[in-house]
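Quick note: numbers below take in every heavy atom, side chains included, and nothing from hydrogens, waters or symmetry partners.
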Amino acid sequence: MIARLTALWNRARPGILRVLVSLRELLAPLGKTIWRGLRVLAYLVLAGWRIVQPVLAVVSGIGWLVLVAGTASLVAGLVLGWQELVFLGATLVGGLLVAAIFIIGRASFRVGIELTPRRVTAGERALGRFTVQSTAPRRTAPSRFELPVGQGLAEFIVPPLEPEAEHEELFAVPTQRRAVIVAGPAVSVRGDQLGLFRRTVRWSDPVELFVHPQIARLEPSAAGLVRDIEGAVSKTVTNDDISFHALRSYEPGDALRSVHWRTSARTGQLMVKQFEETRRSQVVLLFSTDRRHYADEAEFELAVSVLASLGIRIIGDSTPADVIAEDLSLRVHTPTTLLDDTCRLELGSSRHGSLREYARDATRRLPRPSLAMVVGGSGITSRDLRGVEQFFGPDTQTVGFRAELGQPARLNYVKALRIVTLGQLSDLPRLIRRIL
């Protein structure tokens, strides 16, 4: 039986293969056509969605609920013969149609947002000016504008305006806390009183207001901690520098320009000059934004003020410096750019396991500093600062600044490490003078 089936399959196999090949050749163009049709259909659907989506976006959540409820009531009333449901559905759908009238219309405005001044210190007063000018050829209808200011939202009712007429509104900007406050974008809002429809049009770009941290004015003499324009002499001995140290015997490979010929002639042996290495100050300010290092936000704000005060003094003395926070390298071109960047500092979680690991990762591509200053909160221990000091090595002077609200100002020494604890910002100038 098996032999007969095998023989039958062998005879029928060529014919079956020919039929399959013919079907494939026949269906191949059809498959390409179907695939092209699907692609065209997808393109049309996306294009249609781009057109319909702005129209559907004007319907609020309440509007969709009323539409669904009204449609369901009409269908149920007509199917079941309940006049009450038909009346309810007609009322809801009719209300939607009436509400849609309120979003019809087109306006043309020129909107401006001005903040005066653009940069303030926390606690200082800042005012905003919101202007709307009509650019329509005819008198406009009353309009409602919304202007986000920081975490708040300001609403303004603009009366009817004649062509080229302007309406002005003044508003106060809260500046109690250091931050970057964004005002805008300004949008006009059209809609009904029930909130079924809401149509918005954007008229301006956002404007930033920088609320700088409070700073302590450090005396120029206090900056001697980091000032070293001509370079400071270190204990490292080198064969090429400007500060002479001693003479030693010539060794193969020494440069001939280092040979002291007068001494060599007197002693009959080649003598080579040695120098003490001089280094130009290179400062690194490391700021911790890890919430584990702070008791609360007030302590964090004090640490930011300490960082800004030190940075401004260093910039004022033209000392090369790098100011680094978690995932952010602050600009040190001018005091203004530094203060602008400090406005963006926020508490967060660190991806580093320790302060030493953070210092190693943050300064990996920087030159070896001559002075490293670490600024943080009461959660930073002397052990953390010792780890940073050991990472930089003995050629780098390390100073730690700990913000600890309400505590007396003090200066501690752990061998060469200096730890400054501040209870308030006014303690900083006096403690800096003691470090010198």
Using the six-membered ring wherever Trp is involved, compare the ring planes of Phe109 and Phe145 and label them parallel, tilted or perpendicular (cut-offs 30° and 60°). perpendicular
Assess whether side-chain contact (heavy atoms from CB on, under 4.5 Å) is satisfied between Val332 and Asp322, documenting all intermediate values. CA-CA 7 Å; Val332 292; Asp322 294 284; 5.9 Å; no
For the [atom1] atom of [X] and the [atom2] atom of [Y], what is their distance to the nearest 0.5 Å?
X: Phe401; Y: Leu422; atom1: CZ; atom2: CG; value: 7.5 Å
X: Ile62; Y: Leu65; atom1: CD1; atom2: CG; value: 8.0 Å
X: Thr131; Y: Arg110; atom1: OG1; atom2: CZ; value: 9.5 Å
X: Leu147; Y: Trp203; atom1: CG; atom2: CH2; value: 15.0 Å
X: Arg118; Y: Glu208; atom1: CZ; atom2: CD; value: 7.5 Å
X: Ile380; Y: Arg292; atom1: CD1; atom2: CZ; value: 10.5 Å

Please find the pair of heavy atoms, one from [X] and one from [Y], that lie closest to each other, and give the distance.
X: Leu286; Y: Ala362; answer: CD2-CB, 4.1 Å
X: Ile315; Y: Pro335; answer: CG2-CD, 3.8 Å
X: Ala90; Y: Leu74; answer: N-CD2, 3.7 Å
X: Leu196; Y: Gly95; answer: CD1-O, 4.3 Å
X: Gly128; Y: Val173; answer: N-CG2, 4.3 Å
X: Leu431; Y: Ala409; answer: CD1-CB, 3.9 Å

Find out whether [X] and [Y] are in side-chain contact, i.e. whether some heavy atom of one side chain is under 4.5 Å from a heavy atom of the other.
X: Arg351; Y: Glu326; answer: yes
X: Arg402; Y: Asn412; answer: no
X: Arg178; Y: Leu345; answer: yes
X: Gln176; Y: Val211; answer: no
X: Thr398; Y: Leu385; answer: no
X: Leu96; Y: Val59; answer: no
X: Phe197; Y: Phe102; answer: no
X: Gln397; Y: Ser370; answer: no

Got a donor-acceptor contact below 3.5 angstrom from the [X] side chain to the [Y] backbone?
X: Ser204; Y: Ala186; value: yes
X: Ser60; Y: Gly195; value: yes
X: Thr175; Y: Glu124; value: yes
X: Thr363; Y: Leu366; value: no
X: Asp341; Y: Arg331; value: yes
X: Thr396; Y: Pro394; value: no
X: Tyr294; Y: Glu301; value: no
X: Arg177; Y: Ala122; value: no

Classify the side-chain pair Gln407/Thr421 by whether it contains a donor and acceptor separated by less than 3.5 Å. no
Could you verify whether a donor N or O on one side chain and an acceptor N or O on the other, from Asp340 and Thr337, lie under 3.5 Å apart? no
Leu285 and Ile314: side-chain contact (heavy atoms from CB on, under 4.5 Å), yes or no, with the steps? CA-CA 10 Å; Leu285 271 74; Ile314 293 173; 3.4 Å; yes
Residues, nucleotides or ligands: over 12 heavy atoms within 6.0 Å of [X] [atom1]:
X: Tyr43; atom1: OH; answer: no
X: Arg383; atom1: CZ; answer: no
X: Glu155; atom1: CD; answer: yes

Working note: Thr140 + Val158, criterion side-chain contact (heavy atoms from CB on, under 4.5 Å); need CA distance, chi angles, decisive distance, verdict. CA-CA 10 Å; Thr140 64; Val158 178; over 6 Å; no
Pro160 meets the side chain to side chain contact (heavy atoms under 4.5 Å, CB included) criterion, sequence neighbours left out, with Arg139, Pro142
The residue among Leu92, Thr91, Thr71 that forms side-chain contact (heavy atoms from CB on, under 4.5 Å) with Val66 is Leu92
Of the options Val388, Leu417, Val284, which is the one that meets Val374 in a side-chain contact (heavy atoms from CB on, under 4.5 Å)? Val388
So is Arg368 actually on top of Phe391's ring, under 6.0 Å and inside 45° of the axis? yes
I would like to know whether Leu170 and Leu127 meet side-chain contact (heavy atoms from CB on, under 4.5 Å); could you show each step before the answer? CA-CA 7 Å; Leu170 299 178; Leu127 295 177; over 6 Å; no
Using the ring centroid of each side chain, check whether Phe287 and Phe300 are separated by less than 6.0 Å. yes
